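Predicted model only: the values in this text are computed from it and were never measured. Residue numbers run from 1 in the order of the sequence given.
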Amino acid sequence: MQLHSGRSKDGINWQIEPERIKFQGDDPEVVRWEYGYDPRVCWIEDRYYVTWCNGYHGPTIGVAWTTDFEVFHKMENAFLPCNRNGVLFPRKINGKYAMLSRPSDKVHTAFGDIFYSESPDMEYWGHHRFVMGTKPGWQCTKIGAGPVPIETTEGWLLIYHGVLTSCNGYVYSAGAAVLDLDEPWKVRYRAEPYILSPQEIYECVGDVPNVVFPCAALADAATGRIAIYYGCADTVTGLAFAHVEELVDFIKKTSE
């Protein structure tokens, strides 16, 4: 479980650096490395921030920034262990940085809801608010934020993952919701059905089977097209496409 940077000219074919990222920082306690996985990348103001599940006496949310994807500056961990799925919002909300996360435990968590937190400086996080929890069906065991939320006229478009426990173990699928623009802990709409689930062989068979895990989304403001990057069975990365207007309309029509 390591973090590597990569580059692509078309968003489809990628060249991944063979060496893992070596984070820079003055405090050895902050930059020491145990493990890292499930990174998200978010542009805010003048730099890219990376958040990931960082090993520090258990899983927590690591934070770093970069301007060139060559030098990465490690910041303080956002939360106490144990926590996963730390996802930043792409701009300040009411003058504060904002992040979604999923408190958990040290093992393969069999529970989990999404919470909202805010910070004045990207270091001290508080004002925690419950966003949403599990529901019967494909998201009955736990849920967690996926890609960086996308700002729309209807609200923040959130693609997230949900997990059910079956006779074959955990099954990860992806769902979608719309959060309030000014108070993102308030859910405006939440689709009942999933939008992605393990169907293909590369999604069902791999290092950890039956996993569709969305981690990144690129939105084209001109066309409304979204490219969704998702982990397939913890083995390869899949790519799916959607359109903002169609996805938001689907969420509203299938919302409870």
Side-chain angles (χ1 to χ4, degrees), residues 1-4 6 8 11-14 16 35-41 52-53 59 84-87 100-102 104-105 107-114 131-150 157-178 189-219 225-244 246-248 250-251 253-256:
M1 296 186 288
Q2 309 290 345
L3 300 185
H4 297 249
S8 173
I12 297 175
N13 301 288
W14 292 80
I16 308 298
Y35 58 79
Y37 59 90
D38 292 346
R40 279 80 163 183
V41 178
W52 69 94
C53 185
R84 292 180 171 90
N85 299 300
V87 178
L100 299 172
S101 69
R102 202 272 306 285
S104 58
D105 58 20
V107 294
H108 201 11
T109 312
F111 65 92
D113 301 329
I114 298 175
V131 179
M132 60 186 189
T134 59
K135 292 170 63 68
W138 64 270
Q139 50 186 324
C140 62
T141 300
K142 54 184 174 179
I143 61 173
V148 171
I150 298 169
L157 172 58
L158 176 66
I159 299 169
Y160 66 98
H161 68 269
V163 183
L164 70 82
T165 302
S166 76
C167 58
N168 290 324
Y170 288 164
V171 178
Y172 283 69
S173 300
V178 175
Y189 309 103
R190 181 178 179 181
E192 287 286 347
Y194 52 70
I195 60 172
L196 279 170
S197 72
Q199 303 287 328
E200 303 295 336
I201 188 70
Y202 53 81
E203 299 165 341
C204 298
V205 177
D207 188 50
V208 180
N210 304 320
V211 170
V212 163
F213 191 91
C215 257
L218 300 177
R225 192 185 193 205
I226 309 173
I228 303 171
Y229 296 84
Y230 64 99
C232 305
D234 277 9
T235 303
V236 298
T237 299
L239 177 58
F241 294 97
H243 281 83
V244 172
E246 292 179 357
L247 186 51
V248 170
F250 171 80
I251 296 169
K253 286 182 178 179
T254 61
S255 182
E256 59 180 5

Just list the side-chain donor-acceptor pairs under 3.5 Å for residues 170-177, sequence neighbours left out, or say none.
residue	atom	partner	partner atom	Å
Tyr172	OH	Lys142	NZ	3.4

Please report the interatomic distance CG(Leu247) to CD1(Ile228), rounded to the nearest 0.5 Å.
6.5 Å

Closest approach of Thr254 and Ala191, non-hydrogen atoms and distance?
OG1-CB, 3.3 Å

Taking Gly231's backbone N and O only, do any of them form a donor-acceptor pair with Thr237's side chain (distance below 3.5 Å, no angle check)?
no

Tell me if a side-chain donor or acceptor on Arg40 pairs with a main-chain N or O of Ala145 at a distance below 3.5 Å.
yes

SG (Cys215) and CD1 (Ile159) are apart, to the nearest 0.5 Å, by 11.5 Å

Which residues pass the side chain to side chain donor-acceptor pair (under 3.5 Å) test with Tyr230, sequence neighbours left out?
Glu203

Test item: Val212 and Pro198 side chains (from C-beta on) under 4.5 Å apart, heavy atoms:
yes

Spacing of Phe111 atom CZ and Asp105 atom CG [to the nearest 0.5 Å]
4.5 Å

Determine whether Ile226 and Val244 satisfy the following criterion, side-chain contact (heavy atoms from CB on, under 4.5 Å), listing intermediate values before the conclusion.
CA-CA 7 Å; Ile226 309 173; Val244 172; 3.5 Å; yes

Partners meeting side-chain contact (heavy atoms from CB on, under 4.5 Å) with Ala216 (sequence neighbours left out):
Tyr229

If you look at every heavy atom in Val208 and Asp234, which pair is closest and at what distance?
CG2-OD2, 3.5 Å

Flag, side chain of Thr134 to backbone of Gln139, donor-acceptor distance under 3.5 Å:
no

Euclidean distance, Ile143 CD1 relative to Ile114 CD1, rounded to 0.5 Å
4.0 Å

Measure the spacing between CG of Leu196 and CH2 of Trp138 and express it to the nearest 0.5 Å.
10.0 Å

Tightest non-hydrogen contact, residues Thr235 and Gly206, listed as OG1-CA, 3.3 Å

Spatial distance of atom SG (Cys204) from atom CD (Gln199) [nearest 0.5 Å]:
6.5 Å

Strictly distance-based, threshold 3.5 Å: is any side-chain N or O of Trp52 a donor or acceptor partner for the main-chain N or O of Val41?
no

pair Leu157-Ile251: side-chain heavy atoms closer than 4.5 Å:
yes

Would you check if the side chain of Arg225 reaches a backbone N or O of Leu218 as a donor-acceptor pair within less than 3.5 Å?
no

Is the shortest side-chain heavy-atom distance between Tyr37 and Arg84 below 4.5 Å?
yes

Is the closest side-chain heavy-atom distance between Cys140 and Thr165 below 4.5 Å?
no

Leu158 versus Pro147, closest heavy-atom pair with distance:
CD1-O, 4.3 Å

What one should report as the nearest heavy-atom pair of Ile16 and Gly6 is CD1-CA, 4.0 Å

